[in-house]
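In what follows, a single structure is set out as structure tokens and then discussed.
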Amino acid sequence: QVQLVESGGGLVQAGGSLRLSCAASGSIFSINTMGWYRQAPGKQREFVARITSGGSTDYADLVKGRFTISRDNAKNTVYLQMNSLKPEDTAVYYCNLGVVVSGTQYRYLEVWGQGTLVTVSS
């Protein structure tokens, strides 16, 4: 009922920037919290950033001051602007949305994107 399409990953040199996007489509009534997680090779998935429907943001300590999360409610899209990238930021980045879907009845779903690879070279 809800599809997420991520984009913006790629290869960048240390110190560079990338902007990730995650667009949601489907039978969406509203979207609550939107977030980003990442999983590096051989490691568990970890929290990166989140933004509430009211615009409040929260960041992992490792990315504070370098990453900025934002959302465009009209486009059902969440962004992650990543600056001053480091090799240790290399990971597959996943968006995660809390979505209320419409239909015969309203339901709350937690939906994950397919992931986009970010590689930071030293």
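Everything quoted here is computed from the prediction, not taken from an experiment.
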Quick one: which residue pairs count as a salt bridge (charged side-chain N to carboxylate O under 4.0 Å, His left out) with a foot in residues 21-43, not counting sequence neighbours? Arg38-Glu46, Arg38-Asp89

Do Val48 and Val111 sit in the same hydrophobic cluster, where Ile, Leu, Val, Met, Phe, Trp and Tyr count as joined when their side-chain heavy atoms come under 4.5 Å apart? yes

Tyr106 vs Val101, side-chain contact (heavy atoms from CB on, under 4.5 Å): CA-CA, chis, key distance, verdict: CA-CA 6 Å; Tyr106 293 104; Val101 297; over 6 Å; no

Any residue meeting ring pair (Phe, Tyr, Trp, His ring centres under 6.0 Å) with Tyr108, in chain and number order, not counting sequence neighbours: none

Among residues at least two apart in sequence or on other chains, which ones pass ring pair (Phe, Tyr, Trp, His ring centres under 6.0 Å) with Tyr37? Phe47, Trp112

With side chains defined as the heavy atoms from C-beta onward, is the minimum distance between Arg50 and Trp36 less than 4.5 Å? no

Listed by chain and number, what are the side chain to side chain donor-acceptor pair (under 3.5 Å) partners of Glu88, not counting sequence neighbours? none

Polar side-chain atom of Thr77 near backbone of Lys75 as donor-acceptor pair, under 3.5 Å: yes

Side-chain donor-acceptor pairs under 3.5 Å in residues 114-122, sequence neighbours left out?
{"unit_1": "Gln114", "atom_1": "OE1", "unit_2": "Glu6", "atom_2": "N", "d": "3.4"}
{"unit_1": "Gln114", "atom_1": "NE2", "unit_2": "Glu6", "atom_2": "O", "d": "3.3"}
{"unit_1": "Thr116", "atom_1": "OG1", "unit_2": "Gly9", "atom_2": "N", "d": "3.2"}

Considering only distance and modelled atom types, tabulate donor-acceptor pairs under 3.5 Å from the side chains of residues 13-35, sequence neighbours left out.
{"unit_1": "Ser17", "atom_1": "OG", "unit_2": "Asn83", "atom_2": "OD1", "d": "2.9"}

Minimum side-chain heavy-atom gap Val78-Ile51 below 4.5 Å: yes

If the test is side chain to side chain contact (heavy atoms under 4.5 Å, CB included), which one of Met82, Gln81, Lys86 qualifies with Arg66? Lys86

Path from Tyr94 to Val2 over hydrophobic side-chain contacts below 4.5 Å: no

Quick one: does Ile69's side chain get under 4.5 Å of Tyr59's, heavy atoms only? yes

Find out if a path of hydrophobic residues (ILVMFWY) with successive side-chain heavy-atom gaps under 4.5 Å connects Leu80 to Leu4. yes

Looking at Tyr79, I'd like to know if the NZ or CZ of Arg71 sits under 6.0 Å from its six-membered ring centre while staying within 45 degrees of the ring's axis. no

